[in-house]
Amino acid sequence: MKNNNTNILVLPEKIKEFNCKQYIFNKIDMRHKNLFSFGKWMSEINQYIQYENPDIVHFVYGDDFYKVFGLGLSRFTGLNTVMTMHGLRGGGLGIISLKMISRNVDKIVVHTSEIEKILKKHSINNVEHIEYPYFGIKAVDKSTALSYYHLKKDTPVVACIGNTRYDKGLDLLLKALDNVQEGFQLLIAGKPETFDEQYIKEGIKNYAASVRMHLSYLTDDELQYALNAADIIALPYRKIFTGASGPLGEGVALKKIIVGPNHGSIGDIISRNHLGYTFESENVTSLAKVINKALNEKFIYDETAEKYRKSLSVENFIEKYEKLYNEVSMK
């Protein structure tokens, strides 16, 4: 397919930055709390498809289909369909759901080789691994980044970036840092969810002077400063987190040390690509030990890490999707 294709988006709300035709859902509860809401959503999508008659239909957040076992996808039989799944959900039931989904789409896209491996192990073979890229993250002056968050220049910064959801394990990190002997500063930047400011303040009381918080949705500039201020990107994710990580890719773009759990896709990516250190998942003692090690040892990206870093480029992402779309449209 060529780069001058016409793109049509169907979204919950308009995105001003996208210069293309956009349809906005008509007062539909996007949380899909019940089958009625989900059915309305699917019917509206179908109306837009019937009107526009696109060459390819791409569901960019296919995870919504897990809980309904692909219900409604059969109405798109005969179209060229692609679905991106961002994580594995629901254990054995999740695999059963994915098998049913895979029968009704041409390609399932996943963002990690670990998930691709699991799907193929369960005979879901129409799967394509396309690594999630980093978008527009640039190196900025470290002093400026530190100053933005009122961080000191002479002490390493451990950064936990992103919404404070339960599966991302901020509470585990706060407990682990109580047992870290090496000097550190902690930057917590992102929208508060499960763990709010009050919870965090209680968790950091033994080292509060070393912590800076920016608890809100991050603008592009705020994200860029947070990433550049960091020496270590901490990913204290629980075992229920099975997908790819935005902060991981963005941290790799800036050659930061990545500390993450040894399970699933995150553990596989860090270990296989030499990006930092892994700890035993959900083990606070292990996490503290690994953070001490990361703070104490010099870490340099080797050839393996650099190769992975280059694979995360937007250009590589676009090239792989163009190849995939060509393959699907020529079926």
Query raised in the report: Quick one: OG on Ser329 to CG on Asn80, what's the gap to the nearest 0.5 Å?
Result: 6.5 Å
Report task. Please list, chain by chain and in numerical order, all residues satisfying ring pair (Phe, Tyr, Trp, His ring centres under 6.0 Å) with Tyr308, sequence neighbours excluded. Result -> none
Query raised in the report: Going hydrophobic residue to hydrophobic residue with side-chain gaps under 4.5 angstrom, can you get from Leu173 over to Val284?
Result: no
Query raised in the report: Would you say Asp167's side chain and Arg238's backbone share a donor-acceptor pair under 3.5 angstrom?
Result: no
Report task. Say whether, by atom type as modelled, one donor and one acceptor occur between the side chain of Arg165 and the main chain of Thr194 under 3.5 angstrom. Result -> no
Query raised in the report: Crowded around Lys142 NZ? As in, over 12 foreign heavy atoms under 6.0 Å?
Result: yes
Query raised in the report: Is a side-chain donor or acceptor of Asn7 paired with a backbone partner of Lys21 at a separation under 3.5 angstrom?
Result: no
Report task. Can you establish whether the number of heavy atoms outside Asn125 located under 6.0 Å from its atom CG is more than 12? Result -> yes
Report task. State whether Glu44 and Lys40 are salt-bridged, where the test is any N-O pair (Lys NZ or Arg NE/NH1/NH2 against Asp/Glu carboxylate O) under 4.0 Å. Result -> no
Query - Euclidean distance, Arg309 CZ relative to Leu312 CG, rounded to 0.5 Å - result: 9.0 Å
**Report entry** Donor-acceptor side-chain pairing of Asn292 and Glu182 below 3.5 angstrom
**Finding:** no
Query raised in the report: Would you find more than 12 non-hydrogen atoms of other residues, nucleotides or ligands less than 6.0 Å from Met100 atom CE?
Result: no
Please output the side-chain donor-acceptor pairs of residues 244-255 that fall under 3.5 Å, not counting sequence neighbours, one pair per line with the distance.
residue, atom, partner, partner atom, Å
Ser245, OG, Tyr237, OH, 3.1
Ser245, OG, Leu248, N, 3.2
Lys255, NZ, Glu306, OE2, 2.8

Query raised in the report: Does atom CG of Asn19 have more than 12 heavy-atom neighbours, drawn from other residues, nucleotides or ligands, at distances under 6.0 Å?
Result: no
Query raised in the report: Is Glu52 atom CD crowded by more than 12 heavy atoms from other residues, nucleotides or ligands, each under 6.0 Å away?
Result: yes
Query raised in the report: Once the angle between the rings of Phe25 and Tyr48 is folded into 0 to 90°, is it parallel (under 30°), tilted (30 to 60°) or perpendicular (over 60°)?
Result: tilted
